[in-house]
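Residue numbers begin at 1 in each chain, while the letters A, B, ... track the order of the sequences. Owing to the predicted nature of the structure, the values given are computational and were not obtained by experimental measurement.
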2 protein chains.
Amino acid sequence: MRDLLDHIAAKWTTLVLLALEQEPRRFNTLLRMLPDISRRMLTQSLRDLERGGFIDRTVFPTKPPAVQYALTPMGHSLMGPIRSLIGWAEANETALNAARARYDAAQA
Amino acid sequence: MRDLLDHIAAKWTTLVLLALEQEPRRFNTLLRMLPDISRRMLTQSLRDLERGGFIDRTVFPTKPPAVQYALTPMGHSLMGPIRSLIGWAEANETALNAARARYDAAQA
DNA sequence: CAGGATCCGAGCGGATACTG
DNA sequence: CAGTATCCGCTCGGATCCTG
């Protein structure tokens, strides 16, 4: 459990998974899809996800080389629970912001 | 969404929520329940969760003072999605470890 | 008992330059 | 194109001491 949390916790990994959900993507495509991620962080996140068996990395020996990242079956199966989190977040977004504003106001 | 991820990402917050799910707890009780957390990190996590409206903090003016932390309705409602993640983690624990072992072996 | 304050080392993560 | 390498500021987080 701790393990999984550390993955989700990685802050970018979940966004990467979402970017790959529809179809496999290439490195620079992902870079463009995730506006605030740096090359370095994207590389790290991809390695982390690959290590966990969530994504597959395929290198095409073209020139220049192309690298494709795709969700594994296990990666896809994780999307269910993630969707459930997203649903919650959307449903409670307003309440969440309100709670924070209230708290911050009380501290001022 | 980013917001929620940052919460979950806080690495301890989810564990704190789980510790509070059954019944309200006091500070030192939580400290004992979460073996590897430091006082400082527990305080931070609690503040963060309070700010987000996930938990309530109640001070009893006894001597010495007692402070109780309890899930709010919103906090409880988040447990559903979290349970779904936990279920996934339990179901895929073996596959996850295997994937990691495989990856690490390939790198060696 | 519940925590704030302070100090400090380790690592996260960005920017830039370089490679196959 | 898809990275790696290096430098470096900054925050995370532990340890310790102090308070109401």
Go through A:Leu18 and A:Met79 one step at a time and tell me if the side-chain contact (heavy atoms from CB on, under 4.5 Å) criterion holds.
CA-CA 8 Å; A:Leu18 283 171; A:Met79 297 315 287; 3.5 Å; yes
On DNA chain D, nearest-nucleotide positions of B:Pro64 versus A:Pro64: which is more 5'?
A:Pro64
Give the rounded distance in Å between these two atoms: CG of B:Asp48 and P of D:dC12.
11 Å
Scan A:Tyr69 against the nucleic acid and name what it touches under 4.0 Å (heavy atoms): base, sugar-phosphate only, or nothing.
sugar-phosphate
From the options B:Leu78, B:Leu20, B:Thr13, select the one residue that forms a side chain to side chain contact (heavy atoms under 4.5 Å, CB included) with B:Leu49.
B:Thr13
Tell me the closest heavy-atom pair linking B:His76 and B:Glu21, and the distance in Å.
NE2-O, 3.6 Å
Could you list the residues that satisfy side-chain contact (heavy atoms from CB on, under 4.5 Å) with B:Ala19, not counting sequence neighbours?
B:Leu30, B:Met33, B:Leu34
Rounded to whole Å, how long is the line connecting atom CD1 of B:Ile55 with atom C1' of C:dA2?
14 Å
Looking only at the side chain of B:Met41 (C-beta and beyond, no hydrogens), which of the listed nucleotides D:dG14, C:dG20, C:dC1 gets closest?
D:dG14
Is there a donor on the side chain of B:Arg40 or the base of D:dT16 sitting less than 3.5 Å from an acceptor on the other?
no
Expressed as a whole number of angstroms, how long is the span from B:Phe60:CZ to C:dG3:P?
13 Å
Which whole-number value in Å describes the distance from B:Glu50 CD to C:dA2 C1'?
13 Å
Atom-pair distance (CG on B:Leu46; P on C:dG3), nearest Å:
7 Å
Rounded to the nearest 0.5 Å, what separates atom CZ in B:Arg51 from atom CG in A:Asp104?
4.0 Å
Are any of the side-chain heavy atoms of B:Leu31 and B:Asn28 separated by less than 4.5 Å?
yes
Could you state the atom-to-atom distance from CH2 of B:Trp12 to C1' of D:dC12 in whole Å?
13 Å
How sharply is the helix from C:dC1-D:dG20 to C:dG20-D:dC1 bent, taking the axes over five pairs at either end and rounding to 10 degrees?
50°
Pull out every residue in residues 18-39 of chain A that has a heavy atom closer than 4.0 Å to any atom of DNA chain D, ordered by number, or say none.
A:Arg26, A:Phe27, A:Asn28, A:Arg39
Can you check the A:Leu42 CG to C:dG13 P distance for me, whole Å?
13 Å
Out of curiosity, does A:Phe60 fall in the hydrophobic cluster containing A:Phe27 (side-chain heavy atoms, cut-off under 4.5 Å, transitive links)?
no
Considering non-hydrogen atoms only, spot the tightest contact between A:Gly52 and B:Leu96 and give its length.
O-CG, 4.3 Å
Could you check if a side-chain atom of B:Trp12 sits within less than 4.5 angstrom of a side-chain atom of B:Asp36, using non-hydrogen atoms only?
yes
